[in-house]
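Read the structure below first, then the notes.
Both ligands and their constituent atoms are indexed starting at 1 by order of listing. Each residue takes its place number in the sequence, starting with 1.
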Amino acid sequence: TALDRAHNIEDLRRLAKRRLPQAMFDYIDGGAEDEGTMRGNRDAFCEVSLIPRQLVDVSKVDPKTTAFGCDIDLPFMIAPTGMSAMFHPDAERGVARAAGRSGTLYSLSTMGSTSIEDVAASSSGSKAFQIYAFRDRALTSEFIERARSARYDALILTVDVPVAGNRERDLRNGMTLPPALGLMGILDIARHWRWSLDYVRAPRMTLANVAHRIAEANADISTLSGYIANQFSSSMTWDDARSIAEEWGGPLAIKGVLHPDDARRAVDAGASAVVVSNHGGRQLDGAIASMDALPGIVDAIGDRCEVFLDGGIRRGSDIVKAIALGAKACFVGRPYLYGLGAAGEAGVEEALTILASETRRVMALMGATALGDLDRTCLSHRTLAAS
Ligand code: FNR
């Protein structure tokens, strides 16, 4: 199959680009405005170099760790992303199954195309449910109760969408509600006949978790993300975060933290984890790269709280660098979505396998048999080293 020719995440990205209509591919691949933060996430990894230690017995390397009180075999987890059914009929269930088989945690987005309960029923692995603060506080409570009954291990509260990001590729492609694909867009979909066949066979795309509320929405909306963000509260504050943490009572990550003072506030509000994240460069263009924000946040709260990072991870070496800088583990978004877009569940599994084997190889080359062997002495920062 085509997957046999995929040796890294970029290969999966190319395969996804080939199978998906451009509007769908760009929805995954793109970021806000000039995509500077999206590129910055990648560049920040290049600014950090690894300093390997030699003549260590690395015949056994184990990258296992824990997150949210769950044992995970790999130091990276599945980041929450919306509407997977748009990319492949395997959708959230396929991603959750692949994550379970790979021994890592799956996060279901509020904006998922599969319900909280259906995802729970189809994978035995660890799971988190991601929520936003909704205009309607009762909806937040409803989600907390559903996640509790379906035995999710953790809640992730995403705090970097007070308003929708400005994703210009989506505007250009007519990824709007209702879709405004235009003649070229329709021709492009027809040209991607494999995706089209899958799409007509698949169950209709719905926002399974919020459909019952979205029906009531009155929307002044130009983009898909705008439509969705309209459901979110723009007036959420740390008091709301605290009340959500209390209501949930279990492991809770606050996702989208970039300032050390906000990290302290997250801990004070009752979070057991923060995700250092700029939403993959899809929200505030010009925001600091995740890797650049990480050390300050680790120094501020690393001893009181789990610190995770996402944004721009495309290689095992990126994961190793983040952990050496103090992250407990990472999340990946686009890497598994490229796999899903390329070949469904098998493509997701390929993405996770590629990242896992790269991580193991980089640990061995670093002379690290466990994640605990990685610390800041393993790193050199190009601009710091030069000064
Ligand atoms: C996202 N992300 C996201 N985050 C979130 O909290 N809720 C969501 O519904 C979504 N949806 C979403 C859709 C798509 C297509 C992408 C690419 C991303 C952000 C995601 O969780 C994560 O922060 C980034 O994807 C990490 O960056 P990388 O790994 O994609 O570079």
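Here the protein heavy atom with the shortest distance to atom 8 (C) of ligand 1 is Tyr132 OH, 3.2 Å. Of the protein's non-hydrogen atoms, His279 CD2, 3.5 Å is the one closest to atom 19 (C) of ligand 1. Among protein heavy atoms, the minimum distance from atom 9 (O) of ligand 1 is reached at Ser109 OG, 2.7 Å. Looking only at protein heavy atoms, the nearest one to atom 22 (C) of ligand 1 is Asp310 OD2, 3.3 Å. Of the protein's non-hydrogen atoms, the one nearest atom 31 (O) of ligand 1 is Gly312 N, 2.8 Å.
When each of Thr158, Asp160, Thr37 is checked for a side chain to side chain donor-acceptor pair (under 3.5 Å) with His279, only Asp160 meets the rule. Only one option out of Lys17, Arg169, Arg167, Arg14 pairs with Asp29 in a salt bridge (Lys or Arg N to Asp or Glu O under 4.0 Å); it is Arg169.
At a 4.0 Å heavy-atom cut-off, ligand 1 does not touch Val161 at all. In Arg282, the part holding a heavy atom less than 4.0 Å from any atom of ligand 1 is the side chain. Looking at Arg334 against ligand 1, both its backbone and its side chain come within 4.0 Å, counting heavy atoms. At a heavy-atom cutoff of 4.0 Å, ligand 1 is contacted by both the backbone and the side chain of Thr81.
Within the 4.0 Å heavy-atom shell around ligand 1 one finds Pro335. Distances from ligand 1 to the non-hydrogen atoms of Arg314 include at least one value under 4.0 Å. The closest approach between Ile28 and ligand 1 falls below 4.0 Å for a heavy atom of the residue.
Some N or O of Gly333 is nearer than 3.5 Å to an N or O of ligand 1, by distance alone. For ligand 1, one of its N or O atoms has an N or O atom of Pro80 under 3.5 Å away. Inclusion of Met111 in the set of residues having an N or O under 3.5 Å from an N or O of ligand 1 is not warranted.
Around the CZ atom of Arg265, the shell of radius 6.0 Å holds no more than 12 heavy atoms that belong to other residues, nucleotides or ligands. For Arg53, the CZ atom counts as loosely surrounded, since its 6.0 Å shell holds 12 or fewer non-hydrogen atoms of other residues, nucleotides or ligands. Asp34 CG: 12 or fewer foreign heavy atoms inside a 6.0 Å radius.
Which parts of ligand 1 touch Thr158 is read off a 4.0 Å heavy-atom cut-off, strictly below it: atoms 5 (C), 6 (O). Taking every non-hydrogen atom of Gly311 and a distance limit under 4.0 Å, the qualifying atoms of ligand 1 come out as 26 (C), 27 (O), 31 (O). Listed by number with element, the atoms of ligand 1 under 4.0 angstrom from any heavy atom of Gly82 are 9 (O), 11 (N), 12 (C), 13 (C). Near Ser277, meaning under 4.0 Å from any of its heavy atoms, are these atoms of ligand 1: 23 (O). Listed by atom number, the atoms of ligand 1 under 4.0 Å from Gln130 heavy atoms are 5 (C), 6 (O), 7 (N), 8 (C), 9 (O). Set against the non-hydrogen atoms of Lys255, the atoms of ligand 1 under 4.0 Å away are 4 (N), 5 (C), 6 (O), 19 (C), 20 (C), 21 (O), 22 (C), 23 (O).
Within the 3.5 Å criterion, the main-chain N or O of Met184 finds no donor-acceptor partner in the side chain of Asp188. Formation of a donor-acceptor pair under 3.5 Å by the Arg93 side chain with backbone atoms of Val119 is not found in this model.
Under the 30°/60° scheme for interplanar angles, the aromatic rings of Phe143 and Phe134 are found to be tilted.
Partners of Asp262 according to the salt bridge (Lys or Arg N to Asp or Glu O under 4.0 Å) rule, which considers only residues two or more places apart in sequence or in another chain, do not exist here.
A cation-pi arrangement is present between Arg282 and Tyr27, with the terminal nitrogen or guanidinium carbon under 6.0 Å from the aromatic centre and inside a 45° cone about the axis.
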In residues 65-73, what donor-acceptor pairs under 3.5 Å come from side-chain atoms, sequence neighbours left out?
from  : atom 1 : to     : atom 2 : distance (Å)
Thr66 : OG1    : Lys328 : NZ     : 2.9

*List the steps and the verdict of side-chain contact (heavy atoms from CB on, under 4.5 Å) for Glu350 and His7.*
CA-CA 9 Å; Glu350 184 66 23; His7 300 294; over 6 Å; no

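The existence of a salt bridge linking Arg376 and Asp299 is confirmed by a sub-4.0 Å separation between a basic side-chain nitrogen and an acidic carboxylate oxygen.
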